[in-house]
Amino acid sequence: ALVTLRQLLDHAAENGYAIPAFNVNNMEQMLAIMKAADRTDSPVIMQASRGARAFAGDATLSHLIRAAIEMYPHIPVCMHQDHGNSASTCMSAILAGFSSVMMDGSLSEDGRTPLSFENNVAVTAKVSEMAHLVGVSVEGEIGHLGSLESGRGEAEDGHGFDGELSRDMLLTDPEEAAEFVRLTKVDALAIAIGTSHGAYKFSRKPDGDILSIKRLKEIHARLPDTHLVMHGSSSVPQELQELINAHGGEVKPTYGVPVEEIQEGIRHGVRKVNVDTDLRLAFTGAIRRVFALHPGEFDPRKYLAPGIEAMAAVCGDRYEQFGAAGHA
Ligand code: G3H
Ligand code: 13P
Ligand code: NA
Ligand code: ZN
């Protein structure tokens, strides 16, 4: 059944686990996410970015999710707008049948400049008021994702702000977070603790200097009843980098967010963990492998099916590691 983010995260909080939120752009990702959820008996959050909506089209995406629900009627599914950049994006997602929206007011609508606290509150409170009228959940964001290592926003993959940010801006302030939740009434809160989107998060295995689980704990201590969201939380497994590079790819050496760090976060209020890059790596690695080993093959199903299985393996790992398994 289609459920809201609030329903899923309330249950996760009562039972001390988190749900991975996987990005979906196409049928293969949907099938992988659902297969793994079925195998592990997990609740599902599927999220579509603005890019996904432009790529696949709203009709395709909303029918994909409905197909998922029809195929697996015993699994609760939330369909979430990832990184809505305006009230209008969030409203059109609701009209397309999404049960949850993220209003990301940490940046201006064009993504080029950080937005002030007041402007973030204003746009998020507006979305929150309207979404709640029709039973849709809302995620907000306070603080700015980016690298504590370089002190920059997210130039890397074209996401977010490409420029210098102070350490203060890159780490969510607990008092500001509390004020933000009070004023906006969001159901879930995305925070900045040193993670960023894409494969190139850290140049070494992150320690407390570049990934602040300490700050996460301080935010949770101040807001014990708020569902926290970790963005940029792919682990970028070494073996997936190697799978791609062994078959003609050129992924540069890099580190993601270790699963143990996410698990520590889950012990301190994290209930939604965003994962996109890891599925991209798994899908690409599996397809590259078929292309390299069977260059004469040209039936897309011959490489898409292994691609689905590779993504499902990652999804299954995360459902288990985040404690969602068994909670569908
Ligand atoms: O926000 C980040 C997600 O990984 C979605 O990426 O905007 O390229 O679809 P995208
Ligand atoms: P990754 O790039 O680490 O997978 O993060 C995805 C994300 O935060 C989507 O909102
Ligand atoms: Na989101
Ligand atoms: Zn994100």
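Heavy atoms only: backbone and side chains are in, while hydrogens, waters and symmetry mates are out. Start at 1 and go down the list; that is how both ligands and their atoms are numbered.
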Looking at the rings of F161 and H144, which for Trp means the six-membered one, are their centres under 6.0 Å apart?
-> no
Taking NZ, NE, NH1 and NH2 as the nitrogens, is one of them in R66 or E70 under 4.0 Å from a carboxylate oxygen of the other?
-> no
Per-atom filter on ligand 1: closer than 4.0 angstrom to a heavy atom of H83 are 1 (O)
Using 3.0 Å as a strict upper limit, say whether an N, O or S atom of D82 approaches the Na ion (ligand 3) that closely.
-> yes
Can you label the angle between the H327 ring and the Y17 ring as parallel, tilted or perpendicular, going by 30° and 60°?
-> parallel
Cation over ring face, R53 and F98, 6.0 Å, 45° = yes
Angular separation of NE2 (H83) and ND1 (H231) seen from the Zn ion (ligand 4), to 10° = 90°
With respect to the Na ion (ligand 3), what is the nearest N, O or S atom of H80?
-> NE2
Numbered atoms and elements of ligand 1 in range of D276, under 4.0 angstrom, heavy atoms | 3 (C), 4 (O), 5 (C), 6 (O)
Checking heavy atoms under 4.0 Å, the part of R53 that sits near ligand 1 is neither
Check the surroundings of atom CZ in R112: do more than 12 heavy atoms from other residues, nucleotides or ligands lie under 6.0 Å from it?
-> no
Interfacing atoms of ligand 1 (cut-off 4.0 Å, heavy-atom, N23) | 3 (C), 5 (C)
Ligand 1 and S49, any nitrogen or oxygen pair closer than 3.5 angstrom?
-> yes
Residue-ligand contact E154/ligand 1, heavy atom below 4.0 Å = no
Nonpolar side-chain network containing L145, other nodes, edges under 4.5 Å | none
More than 12 heavy atoms from other groups under 6.0 Å of CD on E164 = no
List every atom of ligand 1 that sits less than 4.0 Å from any heavy atom of D82, numbering the atoms from 1 in the order shown and giving each element.
-> 1 (O), 3 (C)
